[in-house]
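For reference, the structure is listed below as structure tokens.
These figures come from a predicted structure and were not determined experimentally. Atoms within a ligand are numbered from 1 in the order they appear, just like the ligands themselves.
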Amino acid sequence: MIGVFDSGLGGLSVLAALVEALPRADFAYYADTAHVPYGNKSEAQIQCRVLAIGDHLAAQGCELLVVACNTATAAAVQALRAAHPEFPVVGVEPGIKPAAQDSRSGRIAVLATEATASSQRLQRLIQDHAGQVEVFVEPCPGWATHVEMLQLDDPALARDVRARVEPLLDRGVDRIVLGCTHYSFLAPLLRDVVGARAQLIDVAAAVARQTQRLAGGLAHGSGRLQLHASAHPERLRAALPRLHLGHLVPRIA
Ligand code: DGL
């Protein structure tokens, strides 16, 4: 079984890509809904949660873990790999590299949680892969919480999205990296603002391809999905259709 986790619903965007790439694999998805959001927490707090979730998923029989959360990857993927050297751990990092490679204007932006925006890991990623372009890092407090509450049509959120993204476009940004897995669910709102002025960069499919390369025999299961959450597990199943992921419901074991 492949374990996938996030602070909440955001990682479901990665799970959907994983299921598409590995339709017969068995998955356990864990949402840390008792502690969401991670974006305003310290590195030590996030590490503590990630290690506990890693132990939980290992105890459930998972043999590969996907950290479907940029914030948890930035803060704790190294600690998780050290704690579980017995299986592969795939992290999610903002798609700085493809954005920098494809940008024509030489200006890209990264939308992320406060924790990711201020992380050393993001700084290193920018240094390593975006030396030739100008990178604007935009922390987006509250966006993940709107997704958690399934308030995707909230006019206040739409206003905040516009207020943060329009100045980036005015500066000539032509690639906008979704640096938080929750933001995949805000793509329609973002596209309304961005139009043809920039492309959104989401790494979910790339993460799924990397997982596929490492999955080995885990690719050949019975296509079942377990849903776990640290609070209100019943909300996860109910959220799937609201997030246009209703096709995952028949897989739930
Ligand atoms: N989904 C997460 C990420 O990719 C974190 C959102 C949050 O809990 O703040 O960064």
Side-chain angles (χ1 to χ4, degrees), residues 3-18 29-50 52-54 65-80 89-96 99 109-123 125-126 137-152 157 160-161 164 176-187 189-190 200-208 210-211 227-232 235-236 239-240 243 245:
V4 183
F5 70 91
D6 178 44
S7 56
L9 303 177
L12 291 170
S13 58
V14 178
L15 178 71
L18 288 164
Y29 183 85
Y30 187 97
D32 197 9
T33 34
H35 302 94
V36 68
Y38 283 176
N40 60 7
K41 298 201 167 47
S42 71
E43 208 162 276
Q45 285 173 310
I46 298 167
Q47 270 189 21
C48 179
R49 288 308 306 152
V50 167
I53 295 166
L65 292 187
V66 180
V67 186
C69 175
N70 294 262
T71 309
T73 300
V77 76
Q78 275 170 336
L80 184 61
V89 175
V90 179
V92 173
E93 289 189 308
I96 304 281
V110 187
L111 309 176
T113 65
E114 304 100 291
T116 299
S118 63
S119 68
Q120 281 182 1
R121 218 177 151 96
L122 181 65
Q123 283 317 315
L125 205 61
I126 292 172
V137 179
E138 183 71 29
C140 305
W143 287 16
T145 302
H146 272 91
V147 174
E148 271 322 291
M149 297 167 80
L150 297 171
Q151 293 172 339
L152 303 175
L157 173 64
D160 195 46
V161 167
R164 288 184 189 281
I176 297 181
V177 178
L178 306 185
C180 167
T181 53
H182 281 74
Y183 302 169
S184 300
F185 297 115
L186 301 180
L189 264 186
L190 284 159
L200 303 180
I201 308 289
D202 191 332
V203 296
V207 169
Q210 169 67 358
T211 308
L227 296 177
H228 303 257
S230 49
H232 308 296
R235 284 196 196 155
L236 266 182
L240 288 173
L243 297 172
L245 299 176

(message) Holding to salt bridge (charged side-chain N to carboxylate O under 4.0 Å, His left out), I want the full list of residues that pass it with D202, two or more places apart in sequence or in another chain.
(response) none
(request) Indicate, as side chain, backbone, both or neither, the part of C180 found under 4.0 angstrom from ligand 1 when only non-hydrogen atoms are considered. (result) both
(message) Please check whether T116 reaches ligand 1 - meaning an N/O of the residue sits under 3.5 Å from an N/O of the ligand, judged on distance alone.
(response) no
(message) For atom 2 (C) of ligand 1, what is the closest protein heavy atom, and at what distance to 0.1 Å?
(response) C69 SG, 3.2 Å
(message) Is there a polar contact between ligand 1 and G39, counting only N or O atoms under 3.5 Å apart?
(response) yes
(message) To check your reading of the model: name the closest protein heavy atom to atom 1 (N) of ligand 1, its residue, and the distance in Å.
(response) H182 ND1, 2.7 Å
(request) Would you please name every residue forming a side-chain contact (heavy atoms from CB on, under 4.5 Å) with Q151, sequence neighbours left out? (result) H146, M149, D154
(message) I'd like to check which ligand 1 atoms, numbered from 1 as shown, lie under 4.0 Å from a non-hydrogen atom of S7.
(response) 5 (C), 6 (C), 7 (C), 8 (O)
(message) For atom 7 (C) of ligand 1, what is the closest protein heavy atom, and at what distance to 0.1 Å?
(response) Y38 N, 3.3 Å
(message) Show, in sequence, the C-alpha distance, side-chain angles and deciding distance for R121 and Q78, and conclude whether the side chain to side chain contact (heavy atoms under 4.5 Å, CB included) test is met.
(response) CA-CA 11 Å; R121 218 177 151 96; Q78 275 170 336; 4.2 Å; yes
(request) Give, for atom NZ of K41 and atom NE2 of H35, the distance between the pair rounded to the nearest 0.5 Å. (result) 7.5 Å
(request) Starting at CZ of R235, measure out to CG of L150 and round the result to the nearest 0.5 Å. (result) 9.0 Å
(message) Side chain or backbone, does T113 bring an N or O within less than 3.5 Å of an N or O on ligand 1?
(response) no
